[in-house]
Amino acid sequence: MQKKPSLTPKKRGPQLKFLFSLLFFIQLIFIPLAADDQGPLYSEQTAGSFKQEEATTNAGVFKDISNNLASNAGTNTGPGSQNSGTSDVMIVDPKIVSKDWHDAFNSLKSKKLSDIIFVLRDNSQIADVSDVEVLPGGYLMLFSLKTVQGLKYKIVKTSDITSISSR
């Protein structure tokens with residue numbers, strides 16, 4: 001014989017009272033400890049070490065920027081130059097980089113050159129390029145390649161391209 005499901009909800013009063021009293025107890029104990037600047041989780045030594053760490057970090061960044069500006073003023077910072085262990089980094093939007101490669105391709109194509117070649121970072125080549133399309137994010141480019149079997153496609157990261165030339 002099966003039990004009939006009860007239509008009246010079960011009483012949960014004692015369970016809820018326990019849960020609320022537990023939450024109230026946690027609130028009374030832990031929140032004041034975390035929020036109080038003079039509580040056991042906070043000390044003058046901790047505050048001092050945080051301030052010292054922040055000052056050291058700020059001083060290091062300022063010193064690094066000052067040294068880079070001073071050492072680069074009036075000097076050649078190209079690939080063959082000697083630098084004191086630091087390197088210059090220029091952050092460029094990938095959409096701008098991919099547009100530059102696309103414009104370079106169109107410039108060579110407008111000169112009616114027969115074979116346009118892209119050279120990649122690993123020294124491999126993408127030859128017989130008939131068209132280049134920049135994908136929306138700017139990180140990738142779609143190459144259309146002329147082959148005996150017809151058009152083939154290749155997608156390459158913009159950052160992997162090192163040069164473009166023609167035969």
Side-chain angles (χ1 to χ4, degrees), residues 19 23 26-27 30-37 39 41-167:
L19 182 63
L23 289 174
I26 290 172
Q27 181 181 8
F30 291 108
I31 291 178
L33 291 178
D36 186 14
D37 285 350
L41 298 178
Y42 184 86
S43 68
E44 292 299 323
Q45 182 181 3
T46 304
S49 67
F50 283 144
K51 286 181 183 177
Q52 183 179 6
E53 183 177 334
E54 183 180 13
T56 303
T57 304
N58 289 341
V61 168
F62 181 73
K63 181 180 176 184
D64 190 37
I65 290 171
S66 298
N67 286 343
N68 280 341
L69 290 175
S71 67
N72 291 336
T75 62
N76 181 13
T77 57
S81 66
Q82 295 292 326
N83 208 344
S84 61
T86 62
S87 64
D88 294 335
V89 176
M90 182 170 65
I91 299 172
V92 181
D93 184 6
K95 290 180 181 179
I96 294 172
V97 175
S98 59
K99 184 183 179 321
D100 283 347
W101 287 119
H102 187 260
D103 291 346
F105 171 78
N106 285 336
S107 178
L108 289 175
K109 190 176 179 181
S110 70
K111 299 195 183 313
K112 308 278 191 234
L113 298 171
S114 61
D115 188 17
I116 299 174
I117 303 166
F118 283 83
V119 179
L120 303 181
R121 183 177 296 173
D122 62 356
N123 290 327
S124 64
Q125 296 181 350
I126 301 176
D128 298 318
V129 179
S130 64
D131 192 30
V132 175
E133 180 182 338
V134 176
L135 297 179
Y139 288 100
L140 300 173
M141 296 178 70
L142 173 68
F143 292 89
S144 300
L145 310 173
K146 296 178 282 188
T147 67
V148 177
Q149 295 87 13
L151 279 178
K152 299 247 178 178
Y153 301 96
K154 185 167 187 164
I155 295 177
V156 176
K157 286 194 283 185
T158 306
S159 59
D160 287 344
I161 302 170
T162 58
S163 66
I164 183 173
S165 63
S166 68
R167 287 189 192 161

**OP:** For K152, look at atom NZ and say whether over 12 heavy atoms of other residues, nucleotides or ligands are found less than 6.0 Å away.
**Re:** no

Any non-hydrogen side-chain atom of [X] less than 4.5 Å from a side-chain atom of [Y]?
X: R121; Y: T162; answer: yes
X: L120; Y: I126; answer: yes
X: L145; Y: V129; answer: yes
X: I161; Y: F143; answer: yes
X: K157; Y: L140; answer: yes

With rounding to the nearest 0.5 Å, note down the distance linking [atom1] in [X] to [atom2] in [Y].
X: T147; Y: Q149; atom1: OG1; atom2: CD; result: 4.5 Å
X: D128; Y: I116; atom1: CG; atom2: CD1; result: 10.5 Å
X: D103; Y: I164; atom1: CG; atom2: CD1; result: 10.5 Å
X: F105; Y: M141; atom1: CZ; atom2: CE; result: 9.0 Å

If you take all heavy atoms of [X] and [Y], which pair is closest and at what distance?
X: L151; Y: S144; answer: CD2-CB, 4.4 Å
X: P94; Y: G137; answer: CG-O, 4.2 Å
X: D115; Y: A127; answer: OD1-C, 3.9 Å
X: G138; Y: V134; answer: CA-CG1, 4.3 Å

**OP:** Would you check if the side chain of T158 reaches a backbone N or O of Y139 as a donor-acceptor pair within less than 3.5 Å?
**Re:** yes

**OP:** For the pair K109 (side chain) and S130 (backbone), establish whether a donor and an acceptor sit closer than 3.5 Å, ignoring hydrogens and angles.
**Re:** yes

Original post:
Which residues pass the salt bridge (charged side-chain N to carboxylate O under 4.0 Å, His left out) test with D131, sequence neighbours left out?
Top reply: none

